[in-house]
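To keep things clear, I will list the structure first and then write my remarks on it.
The analysis underlying the following values was restricted to heavy atoms, covering all of them including side chains, and did not include hydrogens, waters or symmetry mates. Along the sequence shown, residues carry numbers from 1.
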Amino acid sequence: MNRTADYVIIGGGISGAAIGYFLLKNGAKNVVILERNYLTAGATGRCGAGIRQQWGSEMNCLLTQFSCNFFENAEEELGYPEGIEFHQGGYMLLVSNEDELAQTKKNIALQNSLGIESQLLDVNQAKVLTPILDTGNILAAAYHSKDGHLNPFKTTQAFADAFIRMGGNIYTNTAVHGLKTENGRICGVDTSQGHIATDCVINTAGGHTNIIAALVGEEIPIYAERHNILVTEPVEPILSTMVMSLSLNFYCQQVPHGSFVMGRSCTNQPRDLRVTADSSFPENMAATVVKIMPALKNIRMLRQWAGLYDMSPDKHPIYDRFPNVEGFYVAAGFSGHGFMLGPATGQIMAEQILGLEPTLPWNRLGLSRFETGEMILESSVV
């Protein structure tokens with residue numbers, strides 16, 4: 001293990017791997033990623049891996065637009081011939097009531113103004129794109145053809161492989177036990193494999209972010225919330241789009257090998273670090289999705305699992321330095337969308353840490369917004 005590093009990243013998910021890659025790409029040297037288990041062991045490896053640019057805030061549109069453009073060329077950019085399985089079958093956001101229809105029209109106008117070519121479909125157009133829909137429960141649907149989903153394990157590995165080729169070091173099975181400061185500045189990290197001297201630490205620990213922050217007496221306004229997900233047996237392809245509904249509270253996709261992956265928000269989930277499965281989830285999930293896509297009724301579930309959303313007050317990420325500790329940065333609060341924001345997170349954090357000109361308006365995503373009331377609210381979250 002390196003005993004010194006210029007930059008230490010805590011967390012081996014998509015955010016940590018992307019930040020490491022973009023730091024090196026932008027000229028940094030001697031970058032280390034620490035992961036207490038294995039790459040993708042946290043939220044990244046437990047997510048639905050959807051990629052959409054259809055949001056209700058300009059900020060989330062810009063972040064995901066940047067990331068989607070990156071993912072389209074990621075295999076070449078990262079030199080990953082195995083492929084990250086980016087399937088751009090489109091995202092179909094179902095509209096179930098008049099209030100939702102009015103908001104959807106506003107969202108589409110915003111997205112179109114930013115160059116995102118989403119469109120409003122009537123029920124007949126939605127049925128043509130997704131024949132297994134029961135349109136009796138919907139009024140319309142929003143659709144964007146370049147949205148889709150990809151493989152979170154291969155995508156993170158692609159970043160990690162490129163990072164290592166560029167000279168970075170990744171230490172898995174390496175827990176962080178302490179952070180050292182001197183005169184209000186980071187000076188080192190104590191790990192299960194020994195001490196690393198450094199004057200820059202980036203905290204990308206997801207739901208565990210505040211546990212790491214507390215090592216130096218810091219805290220940010222996020223909390224961990226358990227979300228459940230399931231996968232079915234593989235069947236012949238019958239769904240090319242990612243189907244999602246905010247009011248009906250679900251998302252569902254068919255992945256390349258034929259299985260369906262689906263999830264929904266559940267009330268009264270614990271706000272701690274448990275990722276044990278909720279026994280009531282499969283029945284509620286099945287009832288929701290079969291109402292919209294009856295063709296899935298007889299497909300058998302294989303397994304379920306749970307992961308953590310690191311929730312921020314306005315459902316937007318936090319990219320900033322901890323205010324009281326020089327050299328201690330944070331990328332967190334993704335509210336369930338950290339995977340699709342991975343490339344934007346990497347670019348933004350590299351620019352912020354290295355003092356580069358911003359590609360995206362990350363100055364609006366700092367911690368100060370929660371004190372000044374300048375939050376950027378996002379409602380399009382399941």
Side-chain angles (χ1 to χ4, degrees), residues 46-50 52 54-56 87 89-105 107-108 118-144 147-149 225-255 258-269 277-307 309 336-337 379-382:
R46 297 170 178 269
C47 74
R52 64 177 163 109
Q54 297 180 76
W55 292 91
H87 172 68
Y91 245 86
M92 184 174 291
L93 277 66
L94 307 181
V95 177
S96 300
N97 56 64
E98 292 294 341
D99 288 343
E100 192 171 32
L101 179 59
Q103 185 61 54
T104 297
K105 290 178 178 179
N107 292 352
I108 290 173
S118 54
Q119 57 184 307
L120 185 68
L121 307 179
D122 62 30
V123 291
N124 294 322
Q125 292 170 314
K127 185 78 171 178
V128 168
L129 277 174
T130 308
I132 64 172
L133 276 181
D134 181 346
T135 57
N137 294 297
I138 65 172
L139 299 179
Y143 177 74
H144 181 45
D147 293 344
H149 55 83
E225 181 178 85
R226 183 175 70 178
H227 281 245
N228 293 270
I229 193 168
L230 66 78
V231 65
T232 73
E233 65 181 335
V235 297
E236 290 300 311
I238 57 173
L239 181 66
S240 62
T241 59
M242 169 80 91
V243 178
M244 175 179 165
S245 170
L246 298 174
S247 58
L248 299 175
N249 182 27
F250 80 93
Y251 62 86
C252 178
Q253 61 173 301
Q254 188 173 23
V255 297
S259 290
F260 284 84
V261 175
M262 61 187 76
R264 67 196 301 270
S265 296
C266 303
T267 58
N268 303 319
Q269 291 295 293
D278 179 351
S279 60
S280 67
F281 166 72
E283 182 177 354
N284 294 332
M285 184 72 247
T288 300
V289 77
V290 168
K291 180 180 179 181
I292 297 297
M293 293 178 282
L296 306 189
K297 181 177 180 179
N298 295 318
I299 297 176
R300 291 171 293 187
M301 184 185 89
L302 292 182
R303 67 186 180 94
Q304 71 173 105
W305 65 94
Y309 281 20
H337 307 104
S379 60
S380 301
V381 175
V382 171

Atom pair [atom1]/[atom2] of [X] and [Y] - distance to nearest 0.5 Å:
| X | Y | atom1 | atom2 | answer |
| --- | --- | --- | --- | --- |
| L248 | I292 | CG | CD1 | 5.0 Å |
| I229 | F281 | CD1 | CZ | 7.0 Å |
| I138 | N97 | CD1 | CG | 12.0 Å |
| L129 | N124 | CG | CG | 11.5 Å |
| Y143 | L93 | OH | CG | 12.0 Å |
| M293 | L133 | CE | CG | 6.5 Å |

Practice prompt. Report the C-alpha separation of L296 and C252 in whole Å, then their side-chain angles, then the decisive distance to 0.1 Å, and conclude whether the side-chain contact (heavy atoms from CB on, under 4.5 Å) test is met.
Written response: CA-CA 11 Å; L296 306 189; C252 178; 4.1 Å; yes
So, do [X] and [Y] sit near enough that their side-chain heavy atoms are less than 4.5 Å apart?
| X | Y | result |
| --- | --- | --- |
| T232 | M262 | yes |
| Q269 | D278 | yes |
| M285 | N228 | no |
| Q119 | Q125 | no |
| V289 | F260 | no |

Can you see whether [X] engages [Y] through a side-chain donor-acceptor pair at a distance of less than 3.5 angstrom?
| X | Y | value |
| --- | --- | --- |
| S247 | E100 | yes |
| Q103 | D99 | no |
| Q253 | H149 | yes |

Worksheet item: Just by distance, do the side chain of Q54 and the backbone of Y91 share a donor-acceptor pair under 3.5 Å?
Response: yes
Item to complete: Could you tell me whether a side-chain N or O of N249 sits under 3.5 Å from a main-chain N or O of S265, the two making a donor and an acceptor?
Response: yes
Shortest non-hydrogen contact between [X] and [Y], atoms and distance:
| X | Y | answer |
| --- | --- | --- |
| L246 | V381 | CD2-N, 3.7 Å |
| S380 | G56 | OG-N, 3.8 Å |
| L120 | A140 | CD1-CB, 4.1 Å |
| P234 | L302 | CD-CD1, 4.4 Å |
| M92 | A141 | CG-CB, 3.7 Å |
| A142 | T104 | CB-CG2, 3.7 Å |

Discussion item. The test is side-chain contact (heavy atoms from CB on, under 4.5 Å); show your working for L139 and E98 and say whether it passes.
Written reply: CA-CA 8 Å; L139 299 179; E98 292 294 341; 3.9 Å; yes
Discussion item. I238 vs Q254, test: side-chain contact (heavy atoms from CB on, under 4.5 Å). Steps then yes/no.
Written reply: CA-CA 8 Å; I238 57 173; Q254 188 173 23; 3.9 Å; yes
